Amino acid sequence: MEHLGRLWAALDHRFERVQPHRWGAVVTDARFPDVWDVNYARVERMQPGLTLSEIERSLDPALARVGAKHRHLVLFDPDGMSEILVAGSSRGAVVTWDSVMTVAASAVRPPPPEPRVQEVDPDAAFLDVVRGSLAEFDVDDERVAEELMAIETTVLLPAGKRWFRIVADERVAALGSLLRLGEEALVDHIVTFAFARRRGYAEAIVRAIARAAEAGGASTLVLLTDPGGPAERLYQRIGFRRARRIASLRERSDTG
């Protein structure tokens, strides 16, 4: 969990406010009240007597201050935090799971032949493609989409985020991104559009990102994916291994 913890904390400090707590931190940003991923509690470690109520006593006032619309917790050790998971899910919070996968950047090599992957200058036209791809991640709320794109242009691109694509049939067929923060690099937003699937594009994008990350000084790649799904199997084929699972609890906030 060391790699994910360092990367996640470094990314959170790009946003407006991080309040440390004995169990982790509360992160908020008033610019993006509809995006739960930047208004949430990061619960890194179980502490004696820790309960969901204690976390929310710190989280809810912070959410109210920025007008956040959702109460969101990320549990880095869900197996050791089962009581918190049960307490949240029993009142209707949505529980989702991610596999945390890592690989040494130097361990990823391209297979021959490889589709041509291009690094992209994320101009307005390309960012329109990125926005269109949000539907692949079930983002169907226009306000959330607008705020996610604002995060992209005001926070992530200035932090050094890089984008890669494959063009086929004269349009973007696949894309993905790289964000290096220290020795760790986050591989994210891997998408192949429906017309171009089953051509090996996602694998080619990830391998190209790995080479770019290594060349840029990153030693370890980190990504999140659905546990047990086809994407996880693809990443395992490339060389990633599951470090652990994390869980998220999410519900509408009474404070937003």
Side-chain angles (χ1 to χ4, degrees), residues 4-5 7-47 49-100 130-131 134-156 159 186 188-189 224-227 245-256:
L4 177 67
L7 180 66
W8 206 307
L11 181 57
D12 280 347
H13 279 284
R14 300 282 176 174
F15 295 98
E16 280 185 345
R17 189 165 184 176
V18 178
Q19 299 171 272
H21 293 278
R22 69 186 185 108
W23 37 262
V26 169
V27 181
T28 51
D29 196 316
R31 296 172 295 175
F32 315 114
D34 294 288
V35 178
W36 52 77
D37 286 340
V38 299
N39 295 286
Y40 80 108
R42 187 177 74 230
V43 189
E44 299 174 352
R45 49 196 168 270
M46 191 63 184
Q47 298 287 335
L50 181 63
T51 64
L52 180 60
S53 295
E54 177 184 338
I55 297 166
E56 290 175 346
R57 281 196 297 272
S58 300
L59 176 61
D60 285 354
L63 297 180
R65 186 172 54 251
V66 300
K69 305 300 193 298
H70 295 84
R71 180 188 289 123
H72 184 207
L73 286 73
V74 177
L75 309 182
F76 277 26
D77 181 20
D79 293 333
M81 302 173 180
S82 57
E83 291 183 6
I84 295 172
L85 270 176
V86 170
S89 61
S90 66
R91 70 182 189 204
V94 175
V95 179
T96 57
W97 297 84
D98 283 293
S99 285
V100 179
V130 173
R131 177 165 182 154
L134 293 175
E136 303 291 332
F137 299 95
D138 298 322
V139 177
D140 53 12
D141 186 313
E142 282 300 310
R143 292 176 304 175
V144 174
E146 287 177 9
E147 290 180 17
L148 286 171
M149 295 311 299
I151 290 172
E152 187 69 30
T153 57
T154 64
V155 179
L156 299 179
L186 178 66
D188 197 21
H189 208 102
L224 305 180
T225 191
D226 292 335
R245 294 190 307 168
I246 62 173
S248 294
L249 285 168
R250 191 180 78 250
E251 58 189 320
R252 291 290 298 182
S253 172
D254 296 330
T255 63

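All figures in this text were calculated on a predicted structure; none of them were measured in a lab. Heavy atoms only: backbone and side chains are in, while hydrogens, waters and symmetry mates are out.
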Going by the rule side-chain contact (heavy atoms from CB on, under 4.5 Å), which residues pair with [X] if we only count those two or more places apart in sequence or in a different chain?
X	value
Ala87	Leu52
Ser89	Val95
Arg65	Arg17, Gln19, Thr28, Ala62
Ala159	Arg14, Leu179

(message) Angle between ring planes, Phe32 versus Phe15, binned at 30° and 60°: parallel, tilted or perpendicular?
(response) perpendicular
Nearest heavy-atom neighbours spanning [X] and [Y]:
X	Y	answer
Asn39	Pro33	ND2-CA, 4.0 Å
Tyr40	Leu63	N-CD2, 4.4 Å
Leu50	Arg45	CD2-O, 4.1 Å

(request) Would you check if the side chain of Glu251 reaches a backbone N or O of Gly92 as a donor-acceptor pair within less than 3.5 Å? (result) no
(request) For atom CD of Gln47, decide whether the heavy atoms of other residues, nucleotides or ligands shown that lie under 6.0 angstrom number more than 12. (result) yes
(request) Report the residues that fulfil ring-ring contact (aromatic ring centres under 6.0 Å, His included) with His70, sequence neighbours left out, ordered by chain and then residue number. (result) Trp36
(request) Please list all pairs passing the salt bridge (Lys or Arg N to Asp or Glu O under 4.0 Å) test where one or both residues lie in residues 144-156, with sequence neighbours left out. (result) Glu152-Lys161
Check whether any side-chain heavy atom of [X] sits under 4.5 Å from a side-chain heavy atom of [Y], and report yes or no.
X	Y	answer
Phe137	Leu148	no
Ile151	Leu156	yes
His21	Ile55	no

